Amino acid sequence: MENEYKPASFEAAWTKKWAQQGLYSTPEQVADKPKVYILDMFPYPSGAGLHVGHIEGETATDILSRFMRMRGYRVLHPMGWDSFGLPAENFAIKSGVHPHETTEKAIKTFKQQMDRMGFSYDWDRELGAHREDYYRWTQWLFIFLYNKGLAYRAKAPVNWCPSCQTVLANEQVEEGMCERCGTEVIQKEMEQWFFKITDYAQRLLDDLQKLDWPESTKLGQKNWIGRSEGMIIPFAVADSKDTIEVFTTRPDTIFGATYMVLAPEHPLVSKIITDEQKEEIQRYQQTTAHKSSLQRSGLEKQKSGVFTGASAINPANNQKIPIWIADHVLMTYGTGAIMAVPAYDERDMQFAKQYDLPIEKIELTKSKEEMTEWLVQKRMGKKSVQYKLRDWLVSRQRYWGAPIPMIFCEQCARSTGLQGWQPVADTDLPVTLPTDVDFKPTGESPIAYSKTFQKGVVCPKCGSVEARREVDTMDTFVDSSWYYFRFADPHNQSAFASKEALKKWLPVDTYVGGAEHTVLHLLYARFITKALYDAGYLAFDEPFTQLRHQGIVMGPDHRRMSKRWGNIINPDDEVDKYGADTVRLYEMFMGPLKDTKAWNTEGIQGIYRFLKRVWKLAEKVGGTLPADVHQEQQKILHKTISYAQEAIPKMMFNTTVSKYMELVHSIAKEDTIEVDTWNTFLTILAPFAPFMTEELWARQGHAESIHKNTWPRLQKKLLEESTVTIPVQINGKIRGTVTVSAQEEEQEVITAALQVPLVKKHLEGKQIVKTIYIQGKILTFVV
RNA sequence: GCCGCGGUGGCGGAAUAGGCAGACGCGCAGGUCUCAAAAACCUGUGAUGCUCAAACAUCGUGUGGGUUCGAUUCCCACCCGCGGCACCA
């Protein structure tokens, strides 16, 4: 009874001891060992604490890290916090508690929970996006991009909630409504900072092929970048000197173009319209400008348009075609103008029918390629490649983020025209986030109301006091676009990371996180990496060599975990009940890492039972087995080792656990367990169940941690089977088996098979037409 | 609408260079222990037929076809579920 498995009695003590020993600190100078960098996606430290989904991915990387250490690699396995962001700020608006306080508190909880799970992070390298020594380098990155011409300021439509009087991030707009108050969100033009990710569109597309990522994720990126090849063809405006360029991927259909459509924001709209049309068009433009993102994103199927009164000349056949304006044509893609070919485009057809426009069913005489060449030769158009990808809008009219390190100088603006914006001098970084702000939404950045933020600001270029800081902060995706560099050298005061440290650890070898980051985070990180690579800061241009996603963990009722359903599994409760090892093992056993799977309250007990059984087995350790039993057991042991070392790097944890269970069944059958077998088993189980194995290891009298063991050497000889059991088929149906030696000749196997009673019976009175034998696999008679 | 992923016992899932479908776990049933229960342990567990059992046979991996000695795995058509994108010319 005293030897009952009570994880609570030793898990916390080991966590403490491991930390004291610095067991998981990253090896710095181990020149002869290969490196591996295993990383989890930067978690947002929410007030709700770590959930079972976090734990799933983090357990996977922890097992992999522990395994790789045992295999002789030096492993970098760090953790940090994506700690800027909206939830803390929204909470501050409601409660008045400063986001810094909320965030630090949440981090503390997260860290405790992770420690409790036995995750082997090197906490000396912990970092947080909201800490000054981190965002100082986020700001450096902004200035770096600005200096390279990759950050610029421009007018852009933003989401605006008229009720909350604030700009919303895209994530805060749910089906066209403000997530907080439910008011319809409108589009508003504001001056914003952008990163020029579009410069990298082609490379971001091309380099996907060199990555070991899930195909679906690569495809998601590919679609998001959205490359399409076509032509830009200028159409002359009738009775005018103006031309309108259209982009088309179907130049072969140009003879069927019966009208043209411009985006409402198209610059030529105001120029070409006739006076009679002016009012109608202005009214139209106003209604479309106020349309919510819901309608603009096409969820409203009905199209609407208005005729300009002007016409254009189709260069291919000199036909006069009417010019329309409609908001289903986007100013942000192509040229903001299209030639409409209703006969070959469903949308054009819909619009044509709606407004009774001509539809011409023409015959296509040339292929797309031929027509492209023909138009190029006739100088009627030029080849063009367009991307859906747009530049990255990084400005946020929000408090809880890294201040954009730019200063606007009136003096400079006057003397140099547009050059009013100046980057903050490197020596003045960080631009510290002020604390004297009001979080209540006012329509302007909360920082604008700080009394201290603009104090003593002078222009970094001319020294003028007519200077004021940018009051917007950066999108939190900027924080997470470069954090993996910082882990290589987290305390560096003179660079985001030293070249040596980067060379030592980067790129990330294995990256694990949720599939919801398929597009944005991963694309941004790749872009930043390429920009830094081009400037010579990095020796690689892709940050994450191998990427894997963990699936969603659903509630026991197979629904998404949510307060609404009351089906949330709190990992703390589970650890209280069963201990961390059980929770770890269960999360891995539930199914393949990438799959969506439901938590099963009874299923976890099966794992608990398994660990209790292992615990009890320790009592049997010590004796010697008869030679033949020993031999048999060694075979099973080494088969398990073989399976595990193949499967763990592939993150096939569920089947590895089941192989361990089979091994336990096998060794539990005997009255005694040999010490060597036991030690080997504990060692291979240690990455999965670090607490129990450490405790049992220590109880055996070992002074050193089991986690310093090396992975057992596989004895390949033991894997070779001397005999095999071969199924015997007749016309594809199994009728029996024969056990023969592995190297047996075909003729001998057939002879043996013919002796099997059932086979004999089924062959009776039949003619064997053909016999197929596959060495050591199967024997088939065709009759 | 387009793209992607998936459909295997009562449940989570194993097994695909085509070769004994259902490993492992849960649940369930029976048993051991117990005054009893829990825990633990042992046995059985895809369906159907053969009036117990064993043995045997037939069917069986979403549906319908095809290739093959042999298909969960390959090919064609379809149905259902999940996820992403959303008027991108």
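Just so it is clear, the model here is predicted, and its values are computed rather than measured. Chain identifiers are assigned alphabetically (A, B, ...) following the order of the sequence lines, protein sequences preceding nucleic acid strands; residue numbering begins at 1 within each chain.
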Within 45 degrees of the axis of the six-membered ring of Y5(A) and under 6.0 Å from its centre: does K612(A) put its NZ or CZ there? no
K361(A) to Y344(A), cation-pi by 6.0 Å centre distance and 45° axis angle: yes
Stems with RNA chain B, 3 or more Watson-Crick or G-U pairs in a row (under 3.5 Å), are B:1-7 with B:79-85, B:10-12 with B:24-26, B:27-32 with B:40-45, B:46-49 with B:56-59, B:62-66 with B:74-78
Could you pick out which residue, Q605(A) or R735(A), lies toward the 5' side of RNA chain B when each is mapped onto its nearest nucleotide? Q605(A)
Integer-rounded Å distance: [N] [atom2] and [X] [atom1]:
X: I726(A); N: rC20(B); atom1: CD1; atom2: P; value: 12 Å
X: H665(A); N: rC24(B); atom1: NE2; atom2: P; value: 6 Å
X: I734(A); N: rG19(B); atom1: CD1; atom2: C1'; value: 7 Å
X: Y608(A); N: rA40(B); atom1: OH; atom2: C1'; value: 13 Å
X: W615(A); N: rC41(B); atom1: CH2; atom2: C1'; value: 20 Å

What does the B/S/- profile of nucleotides 3-18 of chain B look like, 5' to 3', with a 4.0 Å heavy-atom cutoff to protein? SS-------BSS----
NA contact type, H549(A), heavy-atom cut-off 4.0 Å: base, sugar-phosphate, or nothing? nothing
N/O donor-acceptor pair under 3.5 Å between K620(A) side chain and K616(A) backbone: no
Tell me whether rG44(B) sits syn or anti, counting syn as a glycosidic angle within 90° of 0. anti
Using the 3.5 Å cut-off, write out each protein N or O paired with an N or O of nucleotides 66-74 of chain B and the distance between them.
none

Other residues, nucleotides and ligands only: do more than 12 of their heavy atoms fall within 6.0 Å of NZ on K196(A)? no
Can you name the nearest heavy-atom pair linking V728(A) to V738(A), along with the distance? CG2-CG2, 4.1 Å
Taking the basic N atoms (NZ, or NE/NH1/NH2) and the acidic carboxylate oxygens, is any pair closer than 4.0 Å for K597(A) and E56(A)? yes
